[in-house]
There are 2 protein chains.
Amino acid sequence: MAPGPIDKSQVPQATVPRLARYLRVLHRLESEGVPKVSSKELAERLDANAAQIRKDFSYFGEFGVRGVGYEVEYLIDQLSRCLGVSEKWKVIILGAGKLGSALARYRGFQEEGFDLVGVFDSSQRVVGLDIDGVTVRPERELAEFLKDNPVDIAILTVPGEVAQLVADKVIAGGVKGIVNFAPARLASVDGVFIRQVDLSTELMVVSFYLSKECSPR
Amino acid sequence: MAPGPIDKSQVPQATVPRLARYLRVLHRLESEGVPKVSSKELAERLDANAAQIRKDFSYFGEFGVRGVGYEVEYLIDQLSRCLGVSEKWKVIILGAGKLGSALARYRGFQEEGFDLVGVFDSSQRVVGLDIDGVTVRPERELAEFLKDNPVDIAILTVPGEVAQLVADKVIAGGVKGIVNFAPARLASVDGVFIRQVDLSTELMVVSFYLSKECSPR
DNA sequence: CAGTGTGAATTCATTCACAGCG
DNA sequence: CGCTGTGAATGAATTCACACTG
């Protein structure tokens, strides 16, 4: 498989977040000094199906050695490249409330090729604050900032009512990817990838499975 | 359909988070004073497929009127009941770092039947702090707290290294649902529902779709 | 021979299309 | 008539099972 550049639209959508999880486990294995791993061992760590893991890899190439398994370091390199995390992405965070500043400090982002270059907020109360070395800027400077500093990805942690407004601004400024934590569906735009993350939905999913039955009426 | 209590294991897993999103849109419609809505109108608001929405509802009952549509208020009641959010769930948050306290303050949780009854942290630096009326308790008091105050759902916002440890403690204390924000897969336990939420995975998914191709080697 | 890579089989999810009802 | 509710058709994702290789 994979005799040349891969067409990403051929990769099942469900595969993509799994690749990220494989990568995390592999990093852990690497830090434990484990040199190689089989799909079966990976599957146990992830409680997943070994065939699923192999198939997921197969969309991108042949990364293993038959009868042996996968070399951890090599597999990390390959998956990182496939996921695009070996490139350096410029990221900004819109909204420096609790969630925004939690994300700004989150180490996982910085470690995986995401370079936080700005945090913006419209409230005077937080503008000027320093979050782990990044100063919170006033939102009215956003458009100008984007002119001078091309940004790839915007993380939206603004209130739902202004999410679409802010999204429009960053898209106008050339941002090509958005992770939206605001509880508001954003209008889709050609050439811009939008990922919706819904914290309260997660709680409701848990409550669904906890409430034992659902008697009608 | 649905002549009696519904068997939740019959409901497609993909349906559950969608119900939560339907509910949010319906609440918005309600606050706009809209009395009824068709599956087509809902679909437009959500950019989803109208048949999908009707089918999702059909797992739980017949909520609409043929030729007319759905009464907004009635539908909210029904879906809330199906999702279990009309029950009152006792929730604790483990880990009062930035993310934990962001979630503690998040209004959406409180509004939808989730009652935050405690926040715990192991660090002296945050124990005793007040987060919107809830005091951060020392984690060593967790087991005792759970004995006196039954808790349904635990939100884990602790570092990945201690996530399993903390999860074991809350499960021992009778918690039946966990939303885990720590980047660590938790061992599954019978009778305990665990939902993994992965913030850095979301960023990687975006980076995947942004990086235009993935040339091998 | 152990473990990958992958067609084929299966399961799960979405969408279509229309009968049936208010 | 218009819109729901739902079997049937399609499509996507997962799992099986085994040929193949180092």
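So that the names make sense, note that chain A is the first sequence line, chain B the second, and so on, each numbered from 1. In this text, all values refer to a predicted model and were calculated from it rather than measured experimentally.
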Going by atom type alone, with no hydrogens or angles, which donor-acceptor pairs under 3.5 Å involve a side-chain atom of residues 63-73 of chain A and a protein atom two or more places apart or on another chain?
none

Query raised in the report: Just checking F57(B): base, sugar-phosphate only, or nothing, at a heavy-atom cut-off of under 4.0 Å?
Result: nothing
Requested in this report: Answer yes or no: is there an ion pair linking D115(B) with K90(B), defined by an N-O contact shorter than 4.0 Å?
Outcome: yes
Query raised in the report: Roughly how many Å is it from CD in Q10(A) to P in dA12(D), rounded to a whole number?
Result: 11 Å
Requested in this report: Using atom CD of Q13(B) as one end and atom P of dA13(C) as the other, report the distance to the nearest whole Å.
Outcome: 6 Å
Report summary line: Those residues at least two apart in sequence (or on a different chain) that pass ring pair (Phe, Tyr, Trp, His ring centres under 6.0 Å) with F193(B) are Y209(A)
Requested in this report: With sequence neighbours excluded, give me every salt bridge (charged side-chain N to carboxylate O under 4.0 Å, His left out) pair touching residues 176-195 of chain B.
Outcome: E202(A)-R195(B)
Report task. Give every residue pair that meets the salt bridge (charged side-chain N to carboxylate O under 4.0 Å, His left out) criterion with at least one member in residues 10-21 of chain A, sequence neighbours excluded. Result -> R18(A)-D56(A)
Query raised in the report: For the pair made of CD in E71(B) and P in dC3(D), what is the distance, rounded to whole Å?
Result: 17 Å
Query - Min side-chain heavy-atom separation L29(B)-L42(B) under 4.5 Å - result: yes
Query - Sequence neighbours excluded, every pair satisfying salt bridge (charged side-chain N to carboxylate O under 4.0 Å, His left out) that has a member inside residues 36-51 of chain A - result: E32(A)-R45(A)
**Report entry** K147(A) atom NZ, neighbour heavy-atom count above 12 within 6.0 Å
**Finding:** no
Report task. Specify the separation, in whole Å, of atom CG of D56(A) and atom P of dT15(D). Result -> 10 Å
Requested in this report: Side-chain contact test, heavy atoms from C-beta onward, threshold under 4.5 Å: evaluate it for I93(A) versus V134(A) and give yes or no.
Outcome: no
Distances for protein N/O vs nucleotides 7-9 of chain D N/O pairs under 3.5 angstrom?
from   : atom 1 : to     : atom 2 : distance (Å)
dG7(D) : N7     : K55(B) : NZ     : 3.4

Requested in this report: Whole angstrom is fine here: how far is it from OH in Y74(B) over to C1' in dT4(D)?
Outcome: 14 Å
Interface polar pairs with nucleotides 19-22 of chain D, N/O, under 3.5 angstrom:
from    : atom 1 : to     : atom 2 : distance (Å)
dC20(D) : O2     : R66(A) : NH1    : 3.4

Query raised in the report: When the distance from OH of Y59(A) to P of dT14(D) is rounded to whole Å, what number comes out?
Result: 8 Å
**Report entry** Interatomic distance, R54(B) CZ vs dG2(D) C1' [rounded to whole Å]
**Finding:** 11 Å
Report summary line: Applied to residues 160-173 of chain A, the salt bridge (charged side-chain N to carboxylate O under 4.0 Å, His left out) test, sequence neighbours excluded, yields E139(A)-K169(A)
Query - All salt bridge (Lys or Arg N to Asp or Glu O under 4.0 Å) counterparts of D198(A), not counting sequence neighbours - result: R24(B)
Report task. Give a yes or no on this: more than 12 heavy atoms of other residues, nucleotides or ligands lie within 6.0 Å of atom CZ of R28(B). Result -> no
Report task. For A184(A), check side chain to side chain contact (heavy atoms under 4.5 Å, CB included) against everything at least two apart and list the hits. Result -> A163(A)
Report task. May I ask you to list the residues of residues 185-202 of chain B, by number, that have any heavy atom positioned under 4.0 Å from an atom of DNA chain C? Result -> none
Report task. For DNA chain C, determine which residues of residues 17-52 of chain B have any heavy atom closer than 4.0 angstrom to one of its atoms, and list them numerically. Result -> R18(B), N49(B), A51(B), Q52(B)
Query raised in the report: Would a 4.5 Å heavy-atom cut-off, applied to side chains only, mark Y22(B) and I53(B) as touching?
Result: yes
Report summary line: Whole-Å distance, L75(A) CG to dT4(C) P, equals 11 Å
